[in-house]
Amino acid sequence: ACTLQTLPIELARSGDAAKAAFEQALAQVVATLVEGPPCEGAPRDLPSAYAALSTLIGAVTLARAVATPEVAAAMAQAAECALLGRAARE
């Protein structure tokens, strides 16, 4: 299981020190997205990277929670289209 899906639920009930440590690690993940190799549709700034990461985590979390593979696939495709736009639909 991806810790970016499961850990935030526990951290919401934790103290400030744990939340601060998670925030610092999350900032490193987001910076890696922004600084990564150029790719069409890749986030190039922090707000876009936070939005992309949030969308991906949410889509995976919801897709794992449904019983029907077709619904899970539809969620994944919807997230892909939301992040990559028309290029993902072609």
Side-chain angles (χ1 to χ4, degrees):
C2 177
T3 57
L4 287 175
Q5 294 173 284
T6 57
L7 189 58
I9 295 165
E10 297 303 321
L11 285 169
R13 300 181 210 132
S14 298
D16 289 341
K19 290 178 181 179
F22 179 76
E23 184 177 331
Q24 184 178 8
L26 187 62
Q28 291 175 354
V29 170
V30 171
T32 300
L33 288 173
V34 172
E35 296 165 4
C39 176
E40 184 179 343
R44 301 297 0 141
D45 56 54
L46 291 178
S48 297
Y50 276 117
L53 188 59
S54 298
T55 300
L56 292 170
I57 292 168
V60 171
T61 300
L62 291 174
R64 288 183 175 178
V66 299
T68 309
E70 293 80 13
V71 173
M75 288 179 190
Q77 185 173 9
E80 180 181 13
C81 288
L83 293 172
L84 299 177
R86 187 174 56 179
R89 291 183 210 115
E90 295 174 348

Do L46 and V29 share a hydrophobic cluster, counting only Ile, Leu, Val, Met, Phe, Trp and Tyr and linking them when any side-chain heavy atoms are less than 4.5 Å apart?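 Yes, L46 connects to V29 through the hydrophobic network.
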Give me the atom names and distance for the closest heavy-atom approach of [X] to [Y].
| X | Y | result |
| --- | --- | --- |
| T3 | P8 | O-CD, 3.5 Å |
| A59 | A79 | CB-CB, 3.6 Å |
| A52 | L83 | CA-CD2, 3.5 Å |

Residues that T68 engages under side-chain contact (heavy atoms from CB on, under 4.5 Å), provided they are two or more places apart: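 Expected list: E70, V71.
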Taking the side chain as every heavy atom from C-beta outward, state whether L4 and L53 have any pair of such atoms under 4.5 Å apart.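 With C-beta onward as the side chain, the pair touches.
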Please collect all side chain to side chain donor-acceptor pair (under 3.5 Å) contacts where either partner lies in residues 44-63, sequence neighbours excluded, each pair once.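 Side chain to side chain donor-acceptor pair (under 3.5 Å) check on residues 44-63 returns Q5-T61, D45-S48.
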Donor-acceptor contacts under 3.5 Å from residues 16-28 side chains, at least two apart:
none

Rounded to the nearest 0.5 Å, how far does CG of L62 lie from CD1 of I57?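 One finds 12.0 Å between CD1 of I57 and CG of L62.
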